[in-house]
Amino acid sequence: MAELGSDIFFAGIAELSRMVRAKEATAVELARAFGKRLESLGPRYNALALPLTERAIRQAKAVDAEIKRGRLRGPLQGIPYGAKDLLSVAGQITAWGARPYAAQVFDYDASVIQKLESAGAPLVGKLAMVELAGGPGYRYAAASLTGPGRNPWDTSRWSGGSSSGSAIAVAAGLVPFAIGSETSGSILTPAAFCGVTALRPTYGLVSRYGAMPLSWTLDKLGPFCRSAEDCGLVLETIAGGDRHDPGSAGKSFYYTPQYARKMSELRIGFAPADFSEWPEETARPAFQQALEAIRGLGATLVETKLPDFPYGALIGAIISVDAASVFEPLIASGQVEQLADQKQIAGLKAGLEISANVYLKAMRVRRLAQEAMRKLFSDVDVLLAPARLGPAPKIDEPLDHRPDRPRPKDAGLTALIPAGNLAGMPALALPCGFAGNLPVGLQLAGAPFTENTLLAVGKEFQSRTDWHKRKPPGAA
Amino acid sequence: MKNQMTRRQLAGAMLATAAAAQAPPSSTPAVPSTPAAELQAAHEQNQRTAEALAKVQVPMEAEPAFHFTA
């Protein structure tokens, strides 16, 4: 068999799967090639938490034996991947990106790890993350056991978090796909900053069994990939009911692009201010061109706005209380002081003192917000907005003290990340251009369980643009 | 058990939040320099959160958005 070329590092799942089935590459060769690349380039970006190349090669040998026997499982068979280090893998360190848990080992696999193993996907490494997935908030990119996530497009810039390693690894061609998590922004933010496609599924669609809890009614797991199509293939594999997860919706997901609604039948809600006033100056041309590209798909674009709720306060209260409760033993033991970020330490401690009244008020107002969002989706099928309003910040910049800019009068959909998470909505992040040498991205959000609609719009957008195919200069 | 809001109740709750949302943004405070100052800042943030939520009127029948299955 001929030696694998470097093209494989940026190939999509369908192409790699075709190569495996056509015996142009074996699962072992792919696991070895990606594992070696992850181990050699991962540390450059602080993307690697734990290499698992040898384990992946053992998995891949079994996969190759199956393929030889003619047992074909699906498109992920033989495709290597990486997983955010908040997912347990039996017998391996699962540090949650945090010094107090640096030696933590579980004796069971998370459900998504099990599902991907059953699909024949070898796990080549655990990927870096912001400590405790960001907890109630953090100030610096360096809030991680592995150091600040460095953006493959410019290593002096942040990767975004908390799924930093997952976004970096896909952007730099270290893995074909990765699993990350989002409580409020931890998938969409790093995907936008690193220029990759990623999906935040509907709450409850993917089991969180074996994942670090941060906020029980907000935590979600989802894929980082090269394209919307790849996100559909991965989601089909990892979705499904799970009695081990009390939040499980008990639903499966089947990626069915063949049954996608016509673009001309879709109504996409947007706010002009999100594209012309809110973005940083350098990012506006890219966002405005992306809006025109979406308009060119044939869907009806309608101006809309989010129902008026204090989304930031709502999600802040809920995450602060849940996180403080989850990590109460860490706080009580004093080991919380070992965390890297002072703001996170203080936020966890202060979260213990938020009153039950405030928490319940937040959860009751959340119910109203959820109902209002449901009504909004009787008028539109999809909401469209920039995933982040500008490119990645500098790595040493305080993330919560960026320069003040005049705030536009129209709030637009700027609160779509907390609003979407509070309502359990799915969202798709799509690379849509550059601000200077740094990528920026769009988000498409939909009503719960409308992933196929979001993926159809994303696939159509990516059939007409090539932003998702761009490669960072140092990683190409 | 009734979880659906009437349109009137929902409109009332949303109007109440409009006032909260229209409050002028406070200027960015300095980065706290000590752990004690950081903790104080976290408490102040929680206070602001509580104040923002207190401005929202909630119909009595609105249940918290918990998921519980017996």
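Hydrogens, waters and symmetry mates play no part in the numbers below; they use all other heavy atoms, side chains included. Residue numbering restarts at 1 for every chain, and letters A, B, ... go by the order of the sequence lines.
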If you measure from CD on B:Glu63 to CE on A:Met363, what distance do you get to the nearest 0.5 Å?
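Interatomic distance, B:Glu63 CD to A:Met363 CE, rounded to 0.5 Å: 11.5 Å.
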side-chain contact (heavy atoms from CB on, under 4.5 Å) evaluation trace for A:Glu353 with B:Asn46
CA-CA 9 Å; A:Glu353 293 171 30; B:Asn46 290 344; over 6 Å; no
Where is the tightest heavy-atom contact between A:Arg364 and B:Ala62, given as atom of each residue plus distance?
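Heavy atoms only, the tightest pair is NE-O, 2.7 Å.
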Could you tell me whether the side chain of [Y] reaches within less than 4.5 Å of the side chain of [X], counting heavy atoms only?
{"X": "A:Leu360", "Y": "B:Phe66", "answer": "yes"}
{"X": "B:Val58", "Y": "A:Lys361", "answer": "yes"}
{"X": "B:Pro32", "Y": "A:Lys343", "answer": "no"}
{"X": "B:Thr49", "Y": "A:Ser320", "answer": "no"}

Proximity breakdown for A:Ile318 and chain B, heavy-atom pairs closer than 4.5 Å
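No part of A:Ile318 comes within 4.5 Å of chain B.
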Let me know if A:Tyr140 has heavy atoms under 4.5 Å from chain B in its side chain, its backbone, both or neither.
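For A:Tyr140, the contact with chain B is made by the side chain alone.
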Quick check for you: among B:Ala65, B:Pro35, B:Ala42, B:Ala54, which has the greatest number of heavy-atom pairs under 4.5 Å with chain A?
B:Ala65
Audit row: B:Leu39, A:Lys349, side-chain contact (heavy atoms from CB on, under 4.5 Å) steps and yes/no:
CA-CA 8 Å; B:Leu39 190 56; A:Lys349 289 178 181 173; 3.9 Å; yes
